[in-house]
2 protein chains.
Amino acid sequence: MNLKQFAKELNLSISAVSKALRDSHEISEKTKQMVLDKARELNYQVNPFASSLRKQKSKTIAVVIPEIDNNFFALAIKGVEMIAQEKGYHVLIYLTHEDVQKEVSVTKILQNGRVDGVMISVSSQTTDISHLQGLKENGIPLVFFDRVTEKITAPKITTDDYNSGIKATEHLIENGCEKIAFLSVSENLSISNKRLAGYVDTLKRNKINYDDKLIIRCSQNIEENKKILKKLLEKKIKPDGIFASVESLALTTYEVCNELNIKIPDDIKIIGFSNLRTASLLSPSLSTITQPAYEIGREAASILFTLIEKSGYNGIPENTVIKSTLTERKSTRK
Amino acid sequence: MNLKQFAKELNLSISAVSKALRDSHEISEKTKQMVLDKARELNYQVNPFASSLRKQKSKTIAVVIPEIDNNFFALAIKGVEMIAQEKGYHVLIYLTHEDVQKEVSVTKILQNGRVDGVMISVSSQTTDISHLQGLKENGIPLVFFDRVTEKITAPKITTDDYNSGIKATEHLIENGCEKIAFLSVSENLSISNKRLAGYVDTLKRNKINYDDKLIIRCSQNIEENKKILKKLLEKKIKPDGIFASVESLALTTYEVCNELNIKIPDDIKIIGFSNLRTASLLSPSLSTITQPAYEIGREAASILFTLIEKSGYNGIPENTVIKSTLTERKSTRK
DNA sequence: CTGAAAGCGCTTACAG
DNA sequence: CTGAAAGCGCTTACAG
């Protein structure tokens, strides 16, 4: 069923029907009503490709994320989808699995106009950002969330990572830790930079020896990370505190401590960034910094839609920061 | 940059360039190479809407799910996305939040040809399935996964839910339970039907009184579910076993037991369907039936692509069943 | 092996 | 207020 057939049924021109469907002021109320009724009756729907081709608008956005089996990103997507549905947009999803190469190929594909805008949380490997620059130069509205890069001017939605890094580190120090290992998932550290900076600055301010070897670069692979952590925790003089900058690393630490029979919090204290509902049910319950993932998704989507729909409008802040919350539980108890 | 400009650059016709880009046998190798080189140089990409409009193919599928902040669905999407990326397809995502109305409106939208196929896990409210029938009648390939409906003939990918229902119930009985509550998220029970059937049949086979009041219909709302469970567990003669048919309900049970100071597994034993990585880290560790969510996603996507690309091929089984695994942990210990 | 032309189904500037 | 026509950027049947 296309407009031509539709128009014939009503003895109207194609253009009249098209305009009526889009509620044009050029069309009389009477005609509009007739068209709308008929559309319902025939279950007529505009062909999205013809419409997109003609209007050069897709009513679709892309969300590019490193992983999805992670409560933070799952919740962020929930927020994005909610706003998109309200606005009548469609959401394409692309996973990079923390692989820059995937990220590059996805962004290339997105340059062909398939989407009206892109939301991205960059992979932990990403250092060269020319592929993202390419998107921007092609005039595709771009918004970063959580994993952002300072190298591109675009709206960025994050939590207060520097401040959270400080709070988490102070919390460990207050509970007696003097040798705190920072677990990072990032290969180049430019991503979790701010959390790390908060950690480093807090150590210095508290006159605690700052030791490079306590900044542990983990990978995406759980088994590999276990090995790395085992090496760290089997040492005679092992850390007395762990600051896990992502959820998965806090869990790996728990798993390794169980295997090595290291007692949390007596032998070692742990705090981690996490959106786990089970944080309070763990043995022992896990002290967390929780990011409002759903709100971040909503905010990032809202900003992207503003960018798309009000091009030229420059009231959008480059940085939107939403606060995380630190929740003390047993894993850091003195 | 469009084909017209591209062709002019090379002094070729539009059709020659188009054919070369699609590797047509009508075009000489020399011309193809020239076109391909130029395409790279100009960073030319085919306009997806023009192409889709002409070919009546979108190279896009839709995944419709009730929720995403749930490890099962997050992992399933990961599997789907993996296969889609291999096949050069794009993945649109729609969340229904367990709301049939949302499901209906999403399926309506998907009837306009925007996607080449649909994968759906139906909402727990879904009883009337005419909207899904509508999709099928519109000739849109349809595949169900996990939450399926028997009322429509279409490929269905599930785990061995009936059998898992039996195994979980037997496990509780073996560990001394005689009064086992089945927690369901489904309003009409037609969804988790098979898990429930396994439970009921096992009770009967073991000559345990079958009590309707122990089949608890929960909602989507955590707070509401807490109230329901509190009522159940504050009774003098409360159940001695809980079979949570979805992950979230196992966690709610833990939370309520903590609040009411009910000891797991001494006062009550719990087993639940779950894809939680933290199951083994909980206090006490949670006995689970784990569905291979990632594999289900991959399998469902593969079947959908077969359906799309080989229309008329009828070698696709209506039911694909992938086994779940029961893992005993402390929450069901005698 | 190459090209001219029709047409996918819309939207919109323009004419009336 | 309504309609005829151009054109969005492709693909492909057809002719040469």
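Hydrogens, waters and symmetry mates are skipped; everything else that's a heavy atom, side chains included, is used. First the proteins, then the strands, lettered A, B, ... as listed; each starts at 1.
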Inset, instruction - Specify the separation, in whole Å, of atom CG of N112(B) and atom P of dC10(C). - result: 10 Å

Inset, instruction - Provide the full list of salt bridge (charged side-chain N to carboxylate O under 4.0 Å, His left out) pairs with a residue in residues 118-139 of chain B, sequence neighbours left out, each pair given once. - result: none

Legend entry - Selection from dG9(C), dC14(D), dC10(D) that lies nearest to any side-chain heavy atom of A50(A): dG9(C)

Inset, instruction - Identify, with sequence neighbours excluded, every residue that meets side-chain hydrogen bond (donor to acceptor under 3.5 Å, both in side chains) alongside H97(B). - result: none

Legend entry - Integer-rounded Å distance: dC10(D) P and R22(B) CZ: 11 Å

Inset, instruction - Please work out if S18(B) contacts a base, only the sugar-phosphate, or nothing of the nucleic acid, heavy-atom cut-off 4.0 Å. - result: base

Inset, instruction - Would you mind listing every salt bridge (charged side-chain N to carboxylate O under 4.0 Å, His left out) that reaches into residues 76-92 of chain B, with sequence neighbours excluded? - result: D69(A)-K78(B), K87(B)-E309(B)

Inset, instruction - Mark yes or no for a side-chain to base donor-acceptor pair under 3.5 Å between K4(A) and dG7(C), with no hydrogen or angle criteria applied. - result: no

Inset, instruction - List in chain and number order the residues that pass side-chain hydrogen bond (donor to acceptor under 3.5 Å, both in side chains) with E318(A), two or more places apart in sequence or in another chain; answer none if no residue qualifies. - result: K156(A)

Inset, instruction - Identify the two heavy atoms, one from L110(B) and one from I140(B), that lie closest to each other, and give their separation to 0.1 Å. - result: O-CD1, 3.1 Å

Legend entry - Residue A16(A), side-chain heavy atoms: nucleotide from dC10(D), dG3(D), dT2(C) that is nearest: dG3(D)

Legend entry - Between dG9(C) (C1') and L42(A) (CG): distance, integer Å: 16 Å

Inset, instruction - Ignoring hydrogens and angles, state whether a donor on the side chain of T158(A) or D146(A) is under 3.5 Å from an acceptor on the partner side chain. - result: no

Inset, instruction - Measure from the side-chain heavy atoms of N47(B) and tell me the nearest of dC10(D), dT2(D), dG3(C). - result: dC10(D)

Inset, instruction - Measure the distance from CD1 on I14(B) to P on dA6(C) and round it to the nearest whole Å. - result: 14 Å

Legend entry - Atom-pair distance (CE on M34(B); C1' on dC1(C)), nearest Å: 13 Å

Inset, instruction - Tell me what Y44(A) touches on the nucleic acid: a base, only sugar-phosphate, or nothing, going by heavy atoms under 4.0 Å. - result: sugar-phosphate

Inset, instruction - Grab the NZ-P distance between K55(B) and dG9(C) for me, whole Å please. - result: 16 Å

Legend entry - Residues V17(B), Y44(B); criterion side-chain contact (heavy atoms from CB on, under 4.5 Å); working and verdict: CA-CA 11 Å; V17(B) 175; Y44(B) 172 79; 5.9 Å; no

Legend entry - Atom-pair distance (NZ on K57(B); P on dC8(C)), nearest Å: 16 Å

Inset, instruction - Choose from dT2(C), dT12(D), dG9(D) the nucleotide whose nearest atom is closest to any side-chain atom of S28(B). - result: dT2(C)

Inset, instruction - Ignoring the backbone of L53(A), work out which of dG9(C), dC1(D), dC10(D) is nearest its side chain. - result: dG9(C)

Legend entry - Distance below 4.0 Å between S15(B) side-chain N/O and dT12(D) OP1 or OP2: no

Legend entry - Phosphate OP1/OP2 of dG3(C) contacted by S13(B) side-chain N/O (<4.0 Å): yes

With a cut-off of 3.5 Å and sequence neighbours excluded, list every side-chain donor-acceptor pair involving residues 296-303 of chain B.
| residue | atom | partner | partner atom | Å |
| --- | --- | --- | --- | --- |
| R298(B) | NH1 | Y294(B) | OH | 3.1 |
| S302(B) | OG | R298(B) | O | 2.9 |

Legend entry - Candidate nucleotides dT12(C), dC8(D), dT2(D), ranked by approach to the side chain of Q56(A) - the nearest: dC8(D)

Inset, instruction - Scan L12(B) against the nucleic acid and name what it touches under 4.0 Å (heavy atoms): base, sugar-phosphate only, or nothing. - result: sugar-phosphate

Inset, instruction - Report the nucleotide, chosen from dC10(C), dG3(D), dC14(D), that has the shortest atom-to-atom distance to any side-chain atom of L3(A). - result: dC10(C)

Inset, instruction - Provide, to the nearest angstrom, the distance between the NZ atom belonging to K30(B) and the P atom belonging to dT2(C). - result: 8 Å

Inset, instruction - Scan S24(B) against the nucleic acid and name what it touches under 4.0 Å (heavy atoms): base, sugar-phosphate only, or nothing. - result: nothing

Inset, instruction - Toss me the dot-bracket line for DNA chain D: Watson-Crick and G-U wobble, both under 3.5 Å, 5' to 3', using | for pairs to another strand and [ ] for crossers. - result: |||.||||||||.|||

